Every structure is written in structure tokens, then in C-alpha cells.
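Shown next, in C-alpha cells, is the structure this report addresses.
This is a predicted model, so every value here is computed, not measured.
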Amino acid sequence: MTKPAPGTAVVTGAAGGLGRAIAAALHADGWPVLLTDHDGEAVARAAAPLGGWSRPLDVRDSDACAAVAAEAAGRGGLGLWVNNAGILVTGPSWEHDAATRRRVVEVNALGAMNGTLAALAVMRAQGHGHVVNVVSLAGLVAAPGETVYAASKHALIAFSIGTLADLRLAGHRGVHVSCLCPDGIWTPMLHDRLDDPGAAASFTGTLLTPERVARRAARLARRPRPVVSVPRWRGAQVRLLDALPGAAVRLAPLILAAGRAGQRRQRRRVGASGD
């Protein structure tokens, strides 16, 4: 029998893709889930089979994040907050204008910080809770072709681990912060990237289903850990590259060639399935 969830869960970016899959996995695990997304109509449709609880949310708005945290806390306490909302841009860093760079950092890094801090304001007061930040492997290694995206994810993982340390130093033992770092996931974020050379890094390893990552997120929600990579071996691989930056730069052409081969394989799979 599933153990009752310790409060309610909030998932951002939950209108589709990984966010919707995480919300479904948490719902199946016994969590009452509040689904949020900047697209209010889409997230309402996603929430319908999962209890129907949804709210529009722009994670860049810290006051809006605080309001969602307070609403969730009003239904038995805020047990879990999953920062999943994110956007991907590809190509050399110098090809992005200032507005694009700002938008990526505001959503991927500052938006997750807003959600984390809104959740922690409730969790610290109630003495328990868990924030899960969806970072991706791009937070563990510099990903050529996805440089601005990776920079935003590096900021998030540093913020997450540092905040966890600050919680422990302040005596908060029942409040946790975890980072989930999956490999490339076949979601709408990558559906139109099969011919994009800038996205090749996302196809260099194991292309995951959102359901597989969502199951791991649900387990992580129950058993907090500072950093979890999916699959585990890819986390070790990219950490090695991160520890040897000179070698990583020299190997970049081979790594991206492997990614382009991965894009071709996925293109054939999609064509064969008709999706």
C-alpha cells in the first residue's frame, strides 16, 4: 500500500512533456498535485485526469510563486515543489541576442530560484518539505551548442546545493533540496531539433522517455539526494569530462558527431513509428 504523501506537491511547466509526466507519476504515488504552467488552458487540460487542480504560473514572477505555495500549503501542507519549467535555445552563444539570453536565465535559473524560495518559506516554517529542481546533464558539464542553456542550468545546480548547505547550517534537517539531472528526453523540447546541429549534445547518450524520468523523480521525492543523474552512468561520464575541460574541448567534434548520429537514429525511429 502506498504511504500517504506528506502534504501536497506543486509541479511547474506541467502542461506537457516531462512536467505532465512527473505530475502523473506523483499522482499515482499518492500525492495531491497542483499543476502549473504559463499556459493556463493547456495546464488545466493536463490536470483534468489528475484531480483537476491547476493554476497558470509564470515562474519569473516571485509573488505569483509565493501565492501558489500558499495555496498548496492550505491543503494539508506543502510537501513537494518540483521546478521543471524550462526553455532550450541552441547555437553558439554569440548568436543569441540579449533578450534571448535574459529569457533563458530568467526562466531556467531565476524562475527555479523563485519557486525554490517560495516553497522554502513555507517548508522552513512547517519544519519539513522537499524541493526537486530538474537540472539536466547540462548542469554538470558545458554542452557545446547549448551553451546559454547549460549556463542557466549550472547556475541552478550551484544555487540548489548551496541552498541545501545553508538549510543544514541553519538547523533545518527536515527540509531538502535535490537536483535531478536527466540525459536528453524525447519531449516537445526536442521534437523539432532532429535537424538542429546545435542540439546534437542532447542526442549523444541515452534518449529517455519522460515516463522513465518521471518515475525517477517520484522516487527522489520519497528519498531525497542532493544530485541524481539519469541514467547514472551518464552522470559519471559527463562529470569526468567536466573535470578535464581541456580534453572535453578537444573531444567536442567527436562528441557532436556522436550526437548527430543520435539525431539520425531518432529521425528513423520517428519515421518508422509515424509519430
Side-chain angles (χ1 to χ4, degrees), residues 10-13 17-19 22 36 38 57-66 69 81-121 123 130-169 175-185 189-190 198-199 201-202 213 217 220 224-230 234-235 238-239 241-243 245 248-249:
V10 173
V11 182
T12 71
L18 178 59
I22 290 175
T36 72
H38 73 282
L57 175 64
D58 183 342
V59 295
R60 296 172 296 180
D61 185 337
S62 59
D63 290 338
C65 289
W81 183 293
V82 181
N83 284 304
N84 168 75
I87 54 176
L88 172 68
V89 297
T90 61
S93 57
W94 58 82
E95 291 185 355
H96 304 305
D97 60 21
T100 299
R101 293 193 300 272
R102 184 179 301 110
R103 183 167 60 94
V104 172
V105 172
E106 285 181 346
V107 173
N108 294 357
L110 295 178
M113 292 180 190
N114 288 339
T116 299
L117 295 173
L120 291 183
M123 293 172 180
H130 188 187
V131 175
V132 174
N133 288 325
V134 179
V135 178
S136 96
L137 289 182
L140 300 177
V141 68
E146 299 178 357
T147 306
V148 175
Y149 173 79
S152 70
K153 294 298 189 175
H154 274 65
L156 179 55
I157 200 167
F159 171 81
S160 301
I161 296 173
T163 297
L164 177 60
D166 286 340
L167 286 167
R168 295 296 177 265
L169 290 169
V175 181
H176 309 279
V177 181
S178 298
C179 296
L180 182 64
C181 300
D183 208 342
I185 310 169
M189 183 178 281
L190 292 183
S202 290
V213 179
L220 180 60
R225 291 177 55 191
V227 180
V228 169
S229 58
V230 184
R234 279 285 280 169
V238 300
R239 284 180 181 278
L241 288 173
D242 188 54
V249 170

Backbone of Pro226 reached by a side-chain donor or acceptor of Ser178 within 3.5 Å: no

Say you draw a straight line from CZ of Arg101 to OG of Ser93; how long is it, rounded to the nearest 0.5 Å? 8.0 Å

In Å, rounded to the nearest 0.5 Å, how long is the span from CG of Leu117 to CZ of Phe159? 4.0 Å

Straight-line distance of Leu120 CG to His130 NE2, nearest 0.5 Å: 10.5 Å

Identify, with sequence neighbours excluded, every residue that meets side-chain hydrogen bond (donor to acceptor under 3.5 Å, both in side chains) alongside Thr90. Arg193, Asp196

Nearest non-hydrogen partners of Pro245 and Asp242, listed with the distance: CD-O, 3.7 Å

Please find the pair of heavy atoms, one from Cys65 and one from Gly115, that lie closest to each other, and give the distance. SG-N, 4.1 Å

Provide the full list of side chain to side chain donor-acceptor pair (under 3.5 Å) pairs with a residue in residues 140-150, sequence neighbours left out, each pair given once. Glu146-Ser202

So which pairs with a foot in residues 102-115 pass side chain to side chain donor-acceptor pair (under 3.5 Å), sequence neighbours left out? Asn108-Ser152

Which residues pass the side-chain hydrogen bond (donor to acceptor under 3.5 Å, both in side chains) test with Thr100, not counting sequence neighbours? Asp97

Qualifying residue, where the test is side-chain contact (heavy atoms from CB on, under 4.5 Å) with Cys179 and the options are Asn83, Leu140, Ile157, Val131: Ile157

Tell me whether Ser229 contacts the main-chain N or O of Arg234 through its side chain, where contact means a donor paired with an acceptor under 3.5 Å. no

Take a 6.0 Å sphere around NE2 of His38 and say whether it holds more than 12 heavy atoms from other residues, nucleotides or ligands. no

Just by distance, do the side chain of Ser136 and the backbone of Pro182 share a donor-acceptor pair under 3.5 Å? no

Could you tell me which non-hydrogen atom of Leu164 sits nearest to which non-hydrogen atom of Val175, and how far apart they are? CD1-O, 4.3 Å

To the nearest 0.5 Å, tell me how far Leu137 CG sits from Leu180 CG. 9.5 Å

Run the salt bridge (charged side-chain N to carboxylate O under 4.0 Å, His left out) test against Arg60 and tell me which residues pass, sequence neighbours left out. Asp58

Nearest heavy-atom neighbours spanning Arg168 and His176: NH2-ND1, 2.9 Å

Please, which pairs that meet side chain to side chain donor-acceptor pair (under 3.5 Å) have at least one residue in residues 153-164, sequence neighbours excluded? Asn133-Ser160

